[in-house]
**Student:** 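What follows is a structure written as structure tokens; I'll ask about it next.
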Amino acid sequence: MDKIQIVGGTPLEGKIHIKGAKNACLPLMVAGLLTEEPLIFKNVPHLADIETMKELLHSLGAFAEQKDDVLTIQSNNITSLTAPYDIVSKMRASFLVLGPLLARFGKAKVSLPGGCAIGTRPVDLHLMALEQLGAKITIEGGYIHAEVDGRLKGSAFTFPKQTVGGTQNVMMAAVLTEGTTVLNNIALEPECTDLANCLVAMGAKISGIGTPQLVIEGVDRLHGAEHTVIGDRIEAATYAMAAGITRGHLDITGCPLEYLAAVVRALTEAGVEITEIPNGFSAEARHAVIIGTDVMTEVYPGFPTDAQAQFMALMSTAYGASLITETIFENRFMHVPELVRMGANITIHGTSSAIVRGTTHLSGADVMATDLRGSVAMVLAALAAKGTTTISRVYHLDRGYDELEKKLSSCGANIKRISEA
Ligand code: EPZ
């Protein structure tokens, strides 16, 4: 398994361009199951999770190929309606095929995703919403067996709590139902909005996009489309925090500031100066006094849970204390023990709050990546730490960060990948 070695202490200075969002690409790829015509996506990064989704679509009989940043999906020869455990357990977004397969073929067998490092992550709300549209769902042998007599029927459903995946799954089912579906309390993440916009480009009839209520008038079929994936707001937030923790300056393009309001507010309060530039923003911390700042993760447009670990790393080097509260997932502090090994002063209270007391400096150490965002938090800490840090299990990083070493080393970081058999 590969490792990444970083010698810290150099302020980052330079430009970083962000491509399409991982968490937009994955549901968009699944939307390709809704039509037999080709879907062409632009601005697509090269990520392990996208390769895994291609593997899943291939196993269903779909065409899925990427050339540079253009990804083409076509499902005119679906030969299987089963999403197998070995793929779904590797990447939870695979579960999103349930809605589209049901809507287009009336049947699907999808492995339950199983546990995940950051939480139990049930899919009960996905199933509740699909049953409301007429799906008959049973669970047997670790698989969801779903089918519908005839076609799914439009209905009304209110999500008891906001769920990104649940919103995406049922949205992709509702576009091909008979009748009209009203979805209330949907997730407002930009990746959900991007999916809805792509579905409309494919001929879906959706109103209320960007609001808590979607009204979807089912159509008989959808056609192909071309769609440019929105920039990755979490990757952009990550690099802004990299500028902060190294007391450097980065121009970050490819993601509009509008997706990052809560992150900008927290970084500004912490002392990082965020300024809009053409097609992005700059993060300036060369003369900053970074101060402890409290954040609580919330559904969009609140502070994103996917940027919590990175912000905690930044707060580890701040003056004063920071209270960080994680409200979305029940076990998303696995990066804490690893940061503490680097000299961070962090105390976890219960399961959802951590007090970070900033230290003058972190020290390089051998650490282990625990999950996608926890692993990039270790990279940030290593960039600021005195000495050398070796991060193991970096396959977590490769799931969601395209050309991380290249981007950081182009801005002055002393970072290299050590490939091990
Ligand atoms: C998406 O996961 C993202 N993944 C996650 O990003 C992100 O952290 C999460 O949304 C929240 O923003 C992708 O888009 C591929 P949820 P998802 O359904 O859809 C509970 C990353 O690092 N819940 O909004 O699985 C659930 O347990 C990843 O890129 C139910 O209880 O998130 C969690 O506590 C990590 N029942 C909360 O809701 C359900 O049926 C939010 O989950 C569904 C969810």
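Note that the structure is predicted; figures quoted are calculated from it, not measured. Positions are given from 1 along the sequence. Just so you know, ligand 1 is whichever comes first in the structure, and atom 1 is the first atom listed for that ligand.
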**Student:** Report the nearest protein non-hydrogen atom to atom 11 (C) of ligand 1: residue, atom name, distance rounded to 0.1 Å.
**Tutor:**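 Looking at atom 11 (C) of ligand 1, the protein heavy atom closest to it is Thr305 CG2, 4.0 Å.
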**Student:** Measuring from atom 28 (C) of ligand 1, which candidate in Thr327, Thr163, Leu372, Asp306 has the nearest non-hydrogen atom?
**Tutor:**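 Heavy atom nearest to atom 28 (C) of ligand 1 belongs to Asp306.
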**Student:** Measure from the side-chain N and O atoms of Thr82 to the backbone N and O of Pro84, and report whether any donor-acceptor pair falls under 3.5 Å.
**Tutor:**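 Flag not set: sc Thr82 to bb Pro84 has no pair under 3.5 Å.
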**Student:** Between Ile118 and ligand 1, does any nitrogen or oxygen pair lie at a separation below 3.5 Å?
**Tutor:**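 Ile118 vs ligand 1: no N/O contact under 3.5 Å.
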**Student:** Flag Ile328 as yes when one of its N or O atoms lies below 3.5 Å from any N or O atom of ligand 1, and as no otherwise.
**Tutor:**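 Among all N and O atoms of Ile328, at least one is under 3.5 Å from an N or O of ligand 1.
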**Student:** Please could you name the atoms of ligand 1 that Val123 approaches to less than 4.0 Å, counting only its heavy atoms?
**Tutor:**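 Near Val123, meaning under 4.0 Å from one of its heavy atoms, ligand 1 has 39 (C), 40 (O).
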**Student:** Can you tell me if Gln310 uses its side chain to pair, donor with acceptor, with the backbone of Asp306 under 3.5 Å?
**Tutor:**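 Side chain of Gln310 to backbone of Asp306, a donor-acceptor pair under 3.5 Å: yes, one is there.
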**Student:** Heavy-atom distances under 4.0 Å decide this one: backbone, side chain, both or neither, for Leu125 against ligand 1?
**Tutor:**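 Both backbone and side chain.
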**Student:** Report the part of Gln168 (side chain from C-beta onward, or backbone N, CA, C, O) that has a heavy atom under 4.0 Å from ligand 1; answer both or neither where that applies.
**Tutor:**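 Neither part.
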**Student:** Look at atom OH of Tyr85 and say whether more than 12 heavy atoms of other residues, nucleotides or ligands are closer to it than 6.0 Å.
**Tutor:**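 No, because the 6.0 Å sphere around OH of Tyr85 holds 12 heavy atoms or fewer from other groups.
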**Student:** Checking the side chain of Ser322 only, and the main-chain atoms of Met315 only, is there a donor and an acceptor separated by less than 3.5 Å?
**Tutor:**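 No; zero donor-acceptor contacts below 3.5 Å.
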**Student:** Using heavy-atom distances only, which candidate in Pro122, Gly374, Ala129 approaches atom 31 (O) of ligand 1 most closely?
**Tutor:**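 Going through Pro122, Gly374, Ala129 one by one, Pro122 has the nearest heavy atom to atom 31 (O) of ligand 1.
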**Student:** I'd like to know whether NZ of Lys3 has more than 12 heavy-atom contacts from other residues, nucleotides or ligands below 6.0 angstrom.
**Tutor:**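 Count not over threshold, so no.
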**Student:** Among all the protein's non-hydrogen atoms, which is closest to atom 15 (C) of ligand 1, and how far away is it?
**Tutor:**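 Of the protein heavy atoms, Asn23 OD1, 3.4 Å lies nearest.
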**Student:** Just to confirm my output: which protein heavy-atom neighbour is closest to atom 20 (C) of ligand 1, and how far is it?
**Tutor:**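 Ranked first by proximity to atom 20 (C) of ligand 1 is Lys161 NZ, 3.7 Å.
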**Student:** I'd like the name of whichever of Gln162, Lys22, Arg121, Glu235 reaches closest to atom 17 (P) of ligand 1 through any heavy atom.
**Tutor:**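 The option holding the nearest heavy atom is Arg121.
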**Student:** Give the residue, atom name and distance (to 0.1 Å) of the protein heavy atom nearest atom 32 (O) of ligand 1.
**Tutor:**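 Answer, as residue, atom name and distance: Phe329 CZ, 4.2 Å.
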**Student:** Does the Arg92 side chain pair with the main chain of Arg121, one donor and one acceptor, at a distance under 3.5 Å?
**Tutor:**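 Confirmed, Arg92 side chain pairs with Arg121 backbone.
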**Student:** Gln308 near ligand 1, heavy-atom distance under 4.0 Å?
**Tutor:**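 Gln308 does not count as a contact of ligand 1 under the 4.0 Å cut-off.
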**Student:** Are more than 12 heavy atoms, taken from residues, nucleotides or ligands other than Arg393, located less than 6.0 Å from that residue's CZ atom?
**Tutor:**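 Result for CZ/Arg393: open.
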**Student:** Between the main-chain N or O of Thr297 and the side-chain N or O of Thr327, is there a donor-acceptor pair closer than 3.5 Å?
**Tutor:**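 Present.
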**Student:** Looking at ligand 1, does any of its N/O atoms fall within less than 3.5 Å of an N/O of Glu330?
**Tutor:**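 So ligand 1 has no N or O lying under 3.5 Å from an N or O of Glu330.
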**Student:** Judged by atom type as modelled, is there a donor-acceptor pair below 3.5 Å linking the side chain of Glu338 to the main-chain atoms of Met368?
**Tutor:**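 Yes, because the side chain of Glu338 sits within donor-acceptor range (under 3.5 Å) of the backbone of Met368.
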**Student:** Which residue supplies the protein heavy atom nearest to atom 36 (N) of ligand 1, what is that atom called, and how far is it?
**Tutor:**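 Protein heavy atom with the smallest distance to atom 36 (N) of ligand 1: Asp124 OD1, 2.7 Å.
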**Student:** Could you see which bit of Arg332 sits under 4.0 Å from ligand 1, with heavy atoms only: side chain, backbone, both or neither?
**Tutor:**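 For Arg332, the contact with ligand 1 is made by the side chain alone.
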**Student:** Does Lys107 NZ have over 12 foreign heavy atoms under 6.0 Å away?
**Tutor:**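 Open.
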**Student:** Is the closest heavy-atom distance from Gly400 to ligand 1 below 4.0 Å?
**Tutor:**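 No; Gly400 lies far enough from ligand 1 that no heavy-atom distance drops under 4.0 Å.
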**Student:** Could you list which atoms of ligand 1 come closer than 4.0 Å to a heavy atom of Gly165?
**Tutor:**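 Close to Gly165: 18 (O), 19 (O).
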**Student:** Counting only heavy atoms not in Glu405, do more than 12 sit closer than 6.0 Å to its CD atom?
**Tutor:**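 Enclosed.
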**Student:** Here's a test for you: under side-chain contact (heavy atoms from CB on, under 4.5 Å), which of Val229, Leu199, Ile209, Thr228 qualifies with Asp194?
**Tutor:**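 Single side-chain contact (heavy atoms from CB on, under 4.5 Å) partner of Asp194 among Val229, Leu199, Ile209, Thr228: Val229.
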**Student:** Can you label the angle between the Phe157 ring and the Phe159 ring as parallel, tilted or perpendicular, going by 30° and 60°?
**Tutor:**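 Correct class here is perpendicular.
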**Student:** Is there any N or O on Arg373 that sits under 3.5 Å from an N or O of ligand 1?
**Tutor:**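 Between Arg373 and ligand 1 (N or O atoms, distance only) the closest approach is under 3.5 Å.
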**Student:** Does an N or O from Val164, backbone or side chain, lie closer than 3.5 Å to an N or O of ligand 1?
**Tutor:**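 Yes, Val164 has an N/O under 3.5 Å of an N/O on ligand 1.
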**Student:** Using heavy atoms and a 4.0 Å limit, tell me yes or no: is Arg92 in contact with ligand 1?
**Tutor:**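 No heavy atom of Arg92 comes that close to ligand 1.
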**Student:** Below the 3.5 angstrom mark, is there an N/O of Ala93, backbone or side chain, next to an N/O of ligand 1?
**Tutor:**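 For ligand 1, there is no N or O atom that lies under 3.5 Å from one belonging to Ala93.
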